[in-house]
Amino acid sequence: MSHLQALNEYQQRAVTTVDGPLLIIAGPGSGKTRVITHRIAHMVSDCGIAPYEIAALTFTNKAADEMRTRIERMVPDSYVWTGTFHRFCSRLLRKHATLAGLEENFSIYDSSDSLRLVKQAMEAVHPKDIRYRAESIANEISRAKSACIDAENYGRFALNALQTVTTPVYEVYQSLLSSSNAADFDDLLLHVVTILKNSPDLRQELDEHFRYILVDEYQDTNLAQYAIVRALSIDHPNLAVTGDPDQSVYSWRGANIKNILEFEKDFPNAQIVRLEDNYRSTKSILRVADQLIANNRQRKHKVLRTENVEGDPVRLVAFPDQQTEAQSIAEELSLWLKDNIYQPDEIAIFYRANWLSRSIEHALRTAGIPYQIVNGYEFYQRREIKDLLAYLHLLNNPSDSVAFERVINVPPRKIGKITVQRLKEFAAENRISLFEAARQSGLIDTIKKGAATKVAGFCALYDKIAIDATESVERLLQTIIDETKYIDYLVAEDTPEAHERAGNVEELLLAAREFDIAHPDDGGLEAYLEQTSLVNDVDAWDSANAAVTLMTLHAAKGLEFPVVFMVGLEEGLLPHERSSVDEEEVEEERRLMFVGITRAQQKLNLSRCMTRFRRGRVWPIIPSRFLMELPRSEMEISEPPNTHYANLVDGSRGAADVWNEHEMAQEILQSQDEDDVPFAMDDLVEQENSPQAKKTSAAKSSPDSSLPAEKPEAFNLVSAAEMLAGNGNNPQPSGLNLSAGQFVFHPTYGRGHVDHVEGSGKKQLATISFESVGEKKIKPAFSNLVIIGR
DNA sequence: TATTCGCAAGTTTTT
DNA sequence: CTTGCGAATA
């Protein structure tokens, strides 16, 4: 029982419960990873379970690698399968591809590949139909697949207009995928679901093989993933899942929180262990997290307790704009780093959306602070990288039409759209792949001789490259680059950008070489392509790198840092404008903030801006409603003097949108009965099943759900939600009363100084000298002014 | 066929 | 401010 040392009572229970279904509800910082690794080590070394009978499904490859290393360290030579769901399914699918109508060398399409295909399908179904954007339809298809609805059955579920339009597109899209011998991300899961359903023998065999299954971050699994683990836990229901409903932040991509909430229903004999002792954060950080998340109604009560020190108060700062926000953070970091108070790798900066990293990057670069941005995804999305990978895809899978179309004329070979169109038609008529059609281009009478010669040239190039197809990936890539003169093509325009692209190609070669070294035997082109297709952001993150980490809140899940900055805590950003009305979505945004807060071990710094540059304009900004839900009295708050956010709402464009959203939400809420008792689990389950789920759930939240627990004092920060809920007699602010000497901000003219005012209230007329356009006379009541100080 | 220009639209989160 | 797309031109 060596694996039980230094574990608390609950952790020990989780580790020693080996057989039968097990649910581990693990709060943030509760030592979950330790528990999982100890549990597996215990299973192998104390219970005599063979390592190959265990599969551990994690959320990121990074987490999988870490887990594998830790297990290896405890029990040498134990090969336990660890990896993500998508990788797990990809492996299964390679083995049993024919059962899903694929060949084993199928391509995996990322979202941009599949978007291209959706556009083609739309073009085929309704030419020039512009009622819906391809993105919406692609998203709808993805949603359906996550919910295990295939193209055949989708039509039966189509209720609204979007779904009706999607139905035929989905079918064509699926046939395009199949003729390209390709699977999109969702297919990886859905095909496996289908196989397990249609092949009972295989299902049984796999159930027997993976007798012990462990799923991490179970709150973020979707229906397809659920179906897979269920199917593999029928004869051997040794399914252990860990998760935390309060950290469920992926419902937008089909994750179903019901999976974890209903685990006990699925497995009536399930053991349940709660890990509630937090070993990560200070008491003050934890109280902030706890008070925030308490505002979620759809939630099981959970306590967060720690023996850790009280720690510094959580800080909340308001900045006039994002440059100041970024610079201030950079300045503070400079001081800390200079005095060695913290090391760069102990610090992280989180934000809601990727583009928010730009101003921070700029400030850090200027200040000479080393940083790393976590979005490896971006690298593989670059044009030059996608081009070269498309060549590899085409070599591995000549049916791959998306890859073919991508490279047929890159670098330019004077093969145009029309020729490709003709090839496509020919391919469709004769039910052959685009590439096969290209090989016969000389025989296609719609294609002119000149064009056919060029296409034949491309085929010859392909064959020349293909000689190296069984060489190392690096060598193959090098051959492609040489034969296509790809670098020359890139550097043709002699811009700095072009050379950066060339640099990226070098980086790709380097990565390929690393792959070759790491996979001397099990490598090969197919494995390399699988790896590059299934990378995620966090996988590229190097925790040992001596640099400040910049990442999105989503990417931060599962990590921890001594010092955390969270920026842009503003309405429209967190909660995001696209998730700020529907109460369920707002709760997910709140969980996202909860995740961010609970990453911090010692210091937590929250900030927001009063204006933000976005879409080519500077917009006035309302603070995030979540800031009102924190225990403000015990926090260290710096709000600027003389700011009247109430005035922002009046007539100001950006703020008005937010205002309207609050108002709409409010109306929905008030039109409902208020006799509902606080959230109960069964209610949630019922709601999800009913077609009116969304409406019903909105009714569950009482109108004051976003109100601060206690009235804020000593600051003049007022959220729109609070004003609405206020005394009801002040729905519209009465206009801005300026006084001479103030500095103001105007959305068009920018920053200005109030020289002179006459009158008051709505009739007030102010003379303001703007830095940009000089003196203007303005009626404050009717313009979008923000007072930014004196 | 390639390039260029202008316009429009859109910027969540990711396997 | 970016990016992608479509039409008009060389």
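Bear in mind that the values here come from a model prediction, so they are computed numbers and not experimental data. We name chains A, B, ... by the order of the sequence lines, and we start the count at 1 in each one.
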### Message
Between A/Arg352 and B/dT13, is there a contact of a side-chain N or O with OP1 or OP2 at under 4.0 Å?
### Response
no
#### Entry: Shortest non-hydrogen contact between A/Arg625 and A/Ser580, atoms and distance
NH2-O, 3.2 Å
### Message
Counting the atoms with a prime plus P, OP1 and OP2 as sugar-phosphate, which does A/Ile418 contact under 4.0 Å by heavy atoms, base, sugar-phosphate, or nothing?
### Response
sugar-phosphate
### Message
Whether A/Glu325 and A/Arg612 form a salt bridge (side-chain N of Lys/Arg under 4.0 Å from carboxylate O of Asp/Glu) is what I want to check.
### Response
yes
### Task
Starting from P on B/dT14, measure out to CG on A/Asn222 and report it in whole angstrom.
17 Å
### Query
So does A/Lys557 get a side-chain nitrogen or oxygen closer than 4.0 Å to the phosphate oxygens (OP1/OP2) of B/dT13?
no
### Query
Does the ring of A/His554 lie flat against the base of B/dT13, closer than 5.5 Å centre to centre with planes under 30°?
no
### Nearest-nucleotide 5' precedence on DNA chain B, A/Ile415 against A/Arg614
A/Ile415
### Query
Does A/Thr419 make a side-chain N or O approach to OP1 or OP2 of B/dT1 shorter than 4.0 Å?
yes
### Message
If we count only N and O atoms by modelled type, under 3.5 Å, do the side chains of A/Asn181 and A/Asn105 hold a donor and an acceptor together?
### Response
yes
### A/Tyr250 OH - B/dT13 P separation (whole Å)
11 Å
### Message
Using whole Å, what does the distance between atom C1' of nucleotide B/dT12 and atom CZ of A/Arg358 come to?
### Response
14 Å
## Note on the structure
A/Lys119 NZ to C/dG4 C1', in whole Å, measures 8 Å
#### Entry: Nearest-nucleotide 5' precedence on DNA chain B, A/Ala353 against A/Ala451
A/Ala451
### Task
Go through the steps for A/Phe85 and A/Phe88 under the test ring-ring contact (aromatic ring centres under 6.0 Å, His included), then give the verdict.
CA-CA 5 Å; A/Phe85 258 104; A/Phe88 182 74; 7.2 Å; no
### Query
Any side-chain N or O of A/Thr552 less than 4.0 Å from the OP1 or OP2 oxygen of B/dT14?
yes
### Task
For A/Trp619 and B/dG10, give me the distance from atom CH2 to atom C1', rounded to whole Å.
12 Å
### Message
Heavy atoms only, 4.0 Å cut-off, all strands: where does A/Phe85 land among base, sugar-phosphate and nothing?
### Response
nothing
### Task
Name the nucleic acid region contacted by A/Ser533, choosing base, sugar-phosphate or nothing; use a 4.0 angstrom heavy-atom cut-off, strictly under.
nothing
### Message
Rounded to whole Å, please give me the gap between CG in A/Asn354 and C1' in C/dT2.
### Response
15 Å
### Task
Using whole Å, report how far CD of A/Glu589 lies from C1' of B/dT12.
8 Å
### Message
Considering every strand and a 4.0 Å limit on heavy-atom distances, what is the contact class for A/Asn409: base, sugar-phosphate, or nothing?
### Response
sugar-phosphate
### Atom-pair distance (CG on A/Asn139; P on B/dT13), nearest Å
14 Å
### Query
Hey, does A/Lys454 reach any base, or is it just sugar-phosphate, or nothing, if we go heavy atoms under 4.0 Å?
nothing
### Query
OP1, OP2 of B/dT1 versus side-chain N and O of A/Arg413: anything below 4.0 Å?
no
### Query
Nearest of B/dT14, B/dT12, C/dC1 to any side-chain atom of A/Arg253?
B/dT14
### Pair A/Gln219-A/Glu217, side-chain donor/acceptor within less than 3.5 Å
yes
### Query
Would you say A/Arg614 has more than 12 foreign heavy atoms packed within less than 6.0 Å of its CZ?
yes
#### Entry: Distance, P atom - from C/dC5 to B/dT12, rounded to whole angstrom
16 Å
